[in-house]
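Computed from heavy atoms alone, side chains included, the values below leave out hydrogens, waters and symmetry copies. Order of the sequence lines sets the chain letters (A, B, ...), proteins ahead of strands, with each chain counted from 1. None of these values were measured; they are calculated from a predicted model.
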There are 2 protein chains.
Amino acid sequence: MSSRDAVLAAAPRVLATQPTASMAEIAAAAGVGRATLHRHFASREDLLREIGQRSLDQWAASMDEARVLEAAESGDATVIRACLVDLLTRYVADAQAFGIALTDPTVLNDPELREGAERCFVDELRLHGAAQATGVLRPDVPPRWLGHVLYGLLVAVRDALVEGDIAPRDAAGLVVTAFLEGSGAR
Amino acid sequence: MSSRDAVLAAAPRVLATQPTASMAEIAAAAGVGRATLHRHFASREDLLREIGQRSLDQWAASMDEARVLEAAESGDATVIRACLVDLLTRYVADAQAFGIALTDPTVLNDPELREGAERCFVDELRLHGAAQATGVLRPDVPPRWLGHVLYGLLVAVRDALVEGDIAPRDAAGLVVTAFLEGSGAR
DNA sequence: CCCATGTGAGACATTGAAGTCTCACATCAG
DNA sequence: CTGATGTGAGACTTCAATGTCTCACATGGG
C-alpha cells in the first residue's frame, strides 16, 4: 500500500473519533512521516477536501449501485421501497467509512464540496419524491426534510457505533426501521 | 443586559452557523470587546464548556418540565406517550438554542460534561424503558439506540432550520412524527 | 553495482488565533 | 463632584500547529 493510500485509510479512522486530530497525529496513525503526509497533501484543508470528495464519490456510487434514478422513474412502489432499503444499507456502511465528512466544518463549508453534495442530494430527492408519489414515503413532509432525517440517522448510527451502543451487524437494520417505521410500537 | 449575558446569547448563535468562529468573531457578534470577552471567559474552552453546561442544564430542565421520571414511573401508556411528545417538542427548541453543543468536539470530549450528559441520558433512558415496556415505543431495539435516534433527529432539525428547508413552526411536529411514526407512508 | 524514487527524522520558519496588559473613557451610586 | 466598576481599543506576547527544507537511508529496477 502506498503511503498516500495509508493516509487516506487512516485519516478518516482517526478523525472519526478525534475530529480535531492534528496532521502529526494523522501521520502517526497512518504510520507515515509528517513530511510524507505533507508531500501528498499540501495542507490540512487539502486532506479534508480529498476525504470529502471521496465521500461524495462514495455517495454517488452508492446511489448508482442501488439504481436510484432507475427506481425513481419506474413508478413501482415495490421497486422504490426495495431501492430505498438497499440505499440506506449502503449509506450505513459509507457513514462508517466517511463519518468525519458528515460533520466536519472544513468539508461542510467547502464551496466545491457543497455543490457536489447538492448535486447528489438532487438525485436522492428524485427517489424521495417518487417514493412519496407512490405511497412508499409519507407525502405530508417536505422532500428535503426526508434527506435531513436520513442524514441525522447516519450521524446517530455513526456515534452509536463509536460508543459501542449497538452491534455493527445490527446497524443497517436499525436505521432502516427507524427511518421507515419510526420508533413507536406498532 | 450584562456583557456576559450578551456573549452567552450571541456565542451559540454564531457558533451554530460557524462552529469554528474565533474569539474575535464571537466578541464582535456579541457587540463586545475582545478583552471583555476574555474577562468573562479565560479561554475559548471555558466559553464552550459554559455553553455545554448550560445546554445540559436545559436538557435537565426540559426533562423536569416534561415530568419524565414521573411519567416513567406511572406505567401509564397514555401519560408516557404524552410525556414523550412534550419532551421532544422541548428538545427541538433546545436544539435551536444550543445546537452547537450537539456536535462541538470541545463540548463532546470534556470529561465533566460527558459525565453530566450521561447522567441526563440515564434519566431519559428511564422514560424510553418505560415506553418500551408499556407498548409506546418498540421493544425490539436497544434503549440507548432510541437516545441516539433522538439525537440524530435533533441534529437533522437543527441543520434543516439553518438551511431553511423547513419552517420553524413545523419543526417540532416533523421531529415527533419522524421519531414515532417514521417516514414510511401509513 | 548504481541510479531513481520515495521516505523518515528532525530542524526550522511561519502563521494565526489565543491570551495578556495598559490606558483612556463612560457610567453610576453615593 | 468623586471614586468604583466595567468597558473598548489596541499593542503586545505566547503558543501550538502548520508548512518547509535538508539530508541520510532504504528499496527496487536496470
[X] side chain to [Y] backbone, donor-acceptor under 3.5 Å:
{"X": "A:Gln132", "Y": "A:Arg138", "value": "yes"}
{"X": "A:Ser62", "Y": "A:Gln58", "value": "yes"}
{"X": "A:Glu25", "Y": "A:Ser22", "value": "yes"}

Chi angles and distances behind the side-chain contact (heavy atoms from CB on, under 4.5 Å) call for B:Phe98, B:Leu154: CA-CA 11 Å; B:Phe98 294 104; B:Leu154 293 180; over 6 Å; no

Smallest separation among heavy atoms of A:Arg81 and A:Leu180, with atom names: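 Looking at all heavy atoms of both residues, the shortest contact is NH2-CD1, 3.8 Å.
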
Whole angstrom is fine here: how far is it from [atom1] in [X] over to [atom2] in [N]?
{"X": "B:Arg39", "N": "D:dT5", "atom1": "CZ", "atom2": "C1'", "answer": "11 Å"}
{"X": "B:Glu45", "N": "D:dC15", "atom1": "CD", "atom2": "C1'", "answer": "14 Å"}
{"X": "A:Arg44", "N": "D:dT20", "atom1": "CZ", "atom2": "P", "answer": "16 Å"}
{"X": "A:Leu37", "N": "C:dT7", "atom1": "CG", "atom2": "P", "answer": "11 Å"}
{"X": "B:Leu47", "N": "C:dG19", "atom1": "CG", "atom2": "P", "answer": "10 Å"}
{"X": "A:Phe41", "N": "D:dT20", "atom1": "CZ", "atom2": "P", "answer": "15 Å"}
{"X": "B:His38", "N": "D:dG10", "atom1": "NE2", "atom2": "C1'", "answer": "14 Å"}
{"X": "A:Asp46", "N": "D:dA17", "atom1": "CG", "atom2": "C1'", "answer": "16 Å"}

Where along nucleotides 24-30 of chain C does protein come under 4.0 Å, by heavy atom, of base (B) or sugar-phosphate alone (S), with - for untouched nucleotides? -------

Within residues 8-35 of chain A, residues whose heavy atoms come under 4.0 Å of DNA chain C: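 Here the set is A:Gly31, A:Val32, A:Gly33, A:Arg34, A:Ala35.
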
Stepwise side-chain contact (heavy atoms from CB on, under 4.5 Å) test for A:Arg13 and A:Ile100: CA-CA 8 Å; A:Arg13 192 162 35 76; A:Ile100 181 63; over 6 Å; no

Those residues that, when tested against B:Ala117, pass side-chain contact (heavy atoms from CB on, under 4.5 Å) (two or more places apart):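 With sequence neighbours excluded, B:Ala117 shows a side-chain contact (heavy atoms from CB on, under 4.5 Å) to B:Leu56, B:Trp59, given in chain and number order.
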
Under 4.0 Å, heavy atoms only, any strand: does A:Ser2 hit a base, just the sugar-phosphate, or nothing?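 Touches nothing.
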
Give the ring-plane orientation class for A:Phe121 versus A:His148, where under 30° counts as parallel, over 60° as perpendicular and anything between as tilted.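 Rings of A:Phe121 and A:His148: perpendicular, as their planes differ by over 60°.
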
Would you indicate, yes or no, if C:dA18 has its OP1 or OP2 atom less than 4.0 angstrom from a side-chain nitrogen or oxygen of B:Ser43?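 No, no such contact exists.
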
Is the shortest side-chain N/O distance from A:Thr36 to OP1 or OP2 of C:dG8 below 4.0 Å?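 Looking at the OP1 and OP2 atoms of C:dG8, one of them is under 4.0 Å from a side-chain N or O of A:Thr36.
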
Charged N to carboxylate O below 4.0 Å: is that the case for A:Asp94 and A:Arg90?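 Salt bridge absent between A:Asp94 and A:Arg90.
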
